[in-house]
Amino acid sequence: MTGSTPLGIRPETIRSPSGTMSVVYGGEADPTLLLSAGFLRRSEIGRVETPSRLSWSPDSQRFYVNDPGSAGWSAFRFWTLNARAEAVESPAIREAAIAELGRRNGCQSVPDGDAATSGMGWSPDGSRVYVLAGVRRQTGGCVWTGVDYVVAVADVETGDLVETVEGDEARRRWPTLPWGPVTTP
């Protein structure tokens with residue numbers, strides 16, 4: 001698992017493990033993310049709120065950002081680098097983790113904002129990413145029935161969940177993941 005870099009008040013340049021690419025963060029005054037893929041090759045890939053955290057995959061082909069958005073609850077955002085060294089964002093893994101949390105609570109769908117997600121780390125080869133999905137609130141569209149959070153392990157190529165573990169069992173299974181406070185609604 002690779003570490004993560006906080007994105008806060010000051011601008012930051014976060015190099016990939018291979019050193020061939022960087023994500024450039026403009027700081028709190030300009031929270032734009034740029035992908036730097038060499039001399040004069042910079043492209044805007046998104047904007048984030050502070051405080052966020054960015055983590056590169058060990059193989060330098062992907063990265064994620066835990067972006068709190070305007071509500072202050074984390075959203076896992078995931079990018080893959082294509083053959084032209086462009087970063088392509090995909091919500092597939094985030095959506096799959098939220099859907100699995102909802103399914104385990106008997107919900108057919110989860111209303112926007114009822115669940116928070118955050119990346120927790122990578123498999124050693126970067127082929128899988130660990131994503132925490134947790135109940136944030138209940139708006140009435142989904143009555144949460146006891147599963148407060150899950151850790152979903154996703155295949156980064158397909159976006160498919162290969163394993164999902166609930167609550168305390170996930171903490172026992174992966175004690176080295178960066179467990180912060182996990183709260184219930």
Side-chain angles (χ1 to χ4, degrees), residues 1-98 112-113 115-134 136 149 151-157 159 174-183:
M1 291 180 222
T2 61
S4 63
T5 301
L7 305 177
I9 295 171
R10 289 184 273 194
E12 295 279 344
T13 298
I14 303 94
R15 294 182 63 80
S16 65
S18 68
T20 59
M21 304 240 181
S22 297
V23 173
V24 179
Y25 167 67
E28 187 175 43
D30 178 19
T32 303
L33 295 178
L34 302 172
L35 179 67
S36 177
F39 187 70
L40 298 178
R41 287 197 61 199
R42 286 191 174 183
S43 56
E44 184 173 331
I45 55 175
R47 296 176 65 80
V48 296
E49 298 292 326
T50 57
S52 295
R53 293 192 79 79
L54 183 142
S55 179
W56 278 98
S57 65
D59 64 2
S60 300
Q61 295 302 300
R62 294 160 189 83
F63 61 91
Y64 65 77
V65 172
N66 291 330
D67 183 357
S70 60
W73 291 90
S74 187
F76 171 80
R77 296 177 63 189
F78 184 78
W79 285 266
T80 298
L81 303 179
N82 65 21
R84 296 183 307 211
E86 299 166 328
V88 179
E89 186 173 6
S90 172
I93 293 172
R94 178 181 189 276
E95 291 169 356
I98 291 171
D112 285 344
T117 53
S118 58
M120 298 185 77
W122 303 92
S123 64
D125 64 356
S127 66
R128 298 201 171 146
V129 64
Y130 296 79
V131 179
L132 175 76
R136 182 179 154 234
Y149 63 96
V151 173
V153 182
D155 180 295
V156 297
E157 290 288 333
W174 298 297
T176 60
L177 290 177
W179 292 98
V182 179
T183 60

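Here the structure is a predicted model, which is why all the values come from computation and not from measurement. Numbers here simply count residues along the sequence, with the first being 1.
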Report task. Could you pull out all residues at least two apart from Glu157 that satisfy salt bridge (Lys or Arg N to Asp or Glu O under 4.0 Å)? Result -> Arg62
Query - Listed partners of Glu89 passing salt bridge (Lys or Arg N to Asp or Glu O under 4.0 Å), at least two apart - result: Arg77
Test of understanding: with side-chain contact (heavy atoms from CB on, under 4.5 Å), list the residues that count as partners of [X], not counting sequence neighbours.
X      : answer
Ser60  : Ser16, Pro17, Ser18
Val88  : Asn82
Ala133 : Ala97, Leu101, Thr117, Val150

Report task. Sort out for me which residue in Leu81, Val129, Ile14 forms a side chain to side chain contact (heavy atoms under 4.5 Å, CB included) with Phe63. Result -> Leu81
Looking at [X] and [Y], what are the two nearest heavy atoms and their distance?
X      : Y      : answer
Pro178 : Met120 : CD-O, 2.9 Å
Ala85  : Leu35  : O-CD2, 3.4 Å
Ala75  : Arg94  : CB-NE, 3.7 Å
Arg136 : Gly113 : NH1-O, 2.7 Å

Query raised in the report: Quick check: does any side chain N or O of Asn66 sit under 3.5 Å from a backbone N or O of Gly119, one acting as donor and the other as acceptor?
Result: yes
Report task. Please confirm whether the backbone N or O of Arg10 pairs with a side-chain atom of Tyr25, one donor and one acceptor, at under 3.5 Å? Result -> no
**Report entry** Identified ring pair (Phe, Tyr, Trp, His ring centres under 6.0 Å) partner of Trp174 from the options Tyr130, Trp122, Trp179
**Finding:** Tyr130
Report task. Let me see the working for Glu49 and Asp67 under side chain to side chain contact (heavy atoms under 4.5 Å, CB included), right down to the final yes or no. Result -> CA-CA 6 Å; Glu49 298 292 326; Asp67 183 357; 3.7 Å; yes
Query raised in the report: Run the side chain to side chain contact (heavy atoms under 4.5 Å, CB included) check on Tyr64 and Val156 step by step: do they pass?
Result: CA-CA 11 Å; Tyr64 65 77; Val156 297; over 6 Å; no
**Report entry** Gap between atom CD of Gln61 and atom OG of Ser127 - 0.5 Å precision
**Finding:** 13.0 Å
Report summary line: Sorted by chain and residue number, the side chain to side chain donor-acceptor pair (under 3.5 Å) partners of Asp30 (sequence neighbours excluded) come out as Thr32
Query raised in the report: Between Trp79 and Val65, does a side chain to side chain contact (heavy atoms under 4.5 Å, CB included) hold up when you go through it step by step?
Result: CA-CA 9 Å; Trp79 285 266; Val65 172; 3.6 Å; yes
Report task. Using a 4.5 Å cut-off on heavy atoms from C-beta on, say whether the side chain of Leu7 contacts that of Leu33. Result -> yes
